Asker: 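To start, I am sharing the structure in question, which I have written as structure tokens.
When a ligand or atom number is given, it counts from 1 through the structure's own listing order. FYI, side chains are in, hydrogens and waters are out, and symmetry mates aren't considered; it's all heavy atoms of this structure. Quick note: residue numbers are just sequence positions, from 1. In this text the structure is predicted, and so the values were computed from the model without any measurement.
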Amino acid sequence: MSGPPLLSVHGLGRSFGGVRAVDDVSFTVEPDSVRSIIGPNGAGKTTLLDLITGFTAPDSGRVEFAGRPISGLPPHKLPPLGLMRTFQSARLVPGLSVRENVMLGGYRFTRARLLSDGLRLPRGRREERALSARADELLRFLELERFAGADAADLPAGVQRLVEVARGLAGGPRLLLLDEPAAGLDDTETGELSDVLRAVCAGGVSLVVIEHNIELIMRLSHAVLVLDAGRVIADGPPAAVRDDPAVIEAYLGAGA
Ligand SMILES: Nc1ncnc2c1ncn2[C@@H]1O[C@H](COP(=O)(O)OP(=O)(O)OP(=O)(O)O)[C@@H](O)[C@H]1O
């Protein structure tokens, strides 16, 4: 890991009424790394992701991605730059196949694209075939090809989470932000997810992972940011963060 950071967050802040949800948060994501964000419920983790990806406007601070300012850009401008995210709530689309769900992650909603799709022009069909081929390639990479034609809603939670990762990769990001990818998974499924995320990172995609599963965080991360009540209370390698008394008191508890 060397060179300038892939993502730089400087002094981000946002209040909702009287609640300072994110308070002067700064951190970086290095190329080819996994950066985790942990903290108690309500610590501001999802709001921080929303501020980085343009879903919520910050009231202070700025963000740079790959050396260019991205503060103020609307969410749909970020995937073409190489920044993708998944959502805690927006899961796979039921009624669509796994392949179709993955293809959704690769669409570029430009005006020209909507026109060529709407009119069924050759360009639209060509892009459709390219997206389908890319989806199959990703499903092979994640060893999910046997599920390609299945209805996404019929799959076990562990497989659905992996398909969400595939969908996040479909647009060819340099950085993928994952909001609680292990939510609802058992130990075996979490282990599989961990292997997949490692392989994704080794393949040149950096990750930001919000998670409550500390085992996963410790296994996966190069650096961990800890939030409490909107503020950074620790930032460093996983082992140092785990042993930090402030983190133990605010989040991990005596049993961790
Ligand atoms: N749109 C909103 N309007 C009002 N308050 C909000 C809004 N979004 C977040 N908050 C508040 O901001 C604080 C941070 O919430 P956030 O969801 O970012 O925390 P979190 O760390 O992601 O929590 P969890 O682990 O439970 O997902 C909370 O007090 C929450 O109630």
Asker: Just need the protein heavy atom nearest to atom 21 (O) of ligand 1, so name the residue and atom and give the distance.
Answerer: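 Result: Lys45 NZ, 2.8 Å.
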Asker: Checking Phe55 now: which residues fulfil ring pair (Phe, Tyr, Trp, His ring centres under 6.0 Å) with it, not counting sequence neighbours?
Answerer: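 Checked Phe55 against ring pair (Phe, Tyr, Trp, His ring centres under 6.0 Å); matches are Phe87.
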Asker: Taking the minimum heavy-atom distance to atom 13 (C) of ligand 1, which of Gly17, Gly42, Ala229, Pro40 ranks first?
Answerer: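 Shortest heavy-atom distance from atom 13 (C) of ligand 1: Gly42.
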Asker: What I want to know is whether Ala43 and ligand 1 share at least one N or O pair that is separated by under 3.5 angstrom.
Answerer: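 Among all N and O atoms of Ala43, at least one is under 3.5 Å from an N or O of ligand 1.
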Asker: Starting at CZ of Phe65, measure out to CG of Leu73 and round the result to the nearest 0.5 Å.
Answerer: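 With rounding to 0.5 Å, CZ (Phe65) is 11.5 Å from CG (Leu73).
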Asker: Can you tell me the protein heavy atom closest to atom 8 (N) of ligand 1 and the distance?
Answerer: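 The closest one turns out to be Phe16 CE1, 3.5 Å.
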Asker: Just to be sure I read this right, does ligand 1 sit under 4.0 Å from the backbone of Val19, its side chain, both, or neither, counting only heavy atoms?
Answerer: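 Side chain only.
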Asker: Let's go through Arg35 and Asp235 carefully: what are the C-alpha distance in whole Å and the side-chain angles of both, what is the deciding distance for salt bridge (charged side-chain N to carboxylate O under 4.0 Å, His left out) to 0.1 Å, and is it a yes or a no?
Answerer: CA-CA 10 Å; Arg35 161 64 102 164; Asp235 183 3; 2.7 Å; yes
Asker: With respect to Gly44, determine whether any N or O atom, backbone or side chain, lies less than 3.5 Å from an N or O atom of ligand 1.
Answerer: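 N/O-N/O distance under 3.5 Å: yes.
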Asker: Indicate whether atom 31 (O) of ligand 1 is within a distance of less than 4.0 angstrom of some protein heavy atom.
Answerer: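 Under the 4.0 Å cut-off, atom 31 (O) of ligand 1 has no protein heavy-atom neighbours at all.
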Asker: Could you find the nearest protein heavy atom to atom 26 (O) of ligand 1 and give me its residue, atom name and distance?
Answerer: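 For atom 26 (O) of ligand 1, the nearest protein heavy atom comes out as Asn41 OD1, 3.2 Å.
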Asker: Using a 4.0 Å cutoff against the non-hydrogen atoms of His212, which atoms of ligand 1 qualify?
Answerer: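 Listed by number with element: 25 (O).
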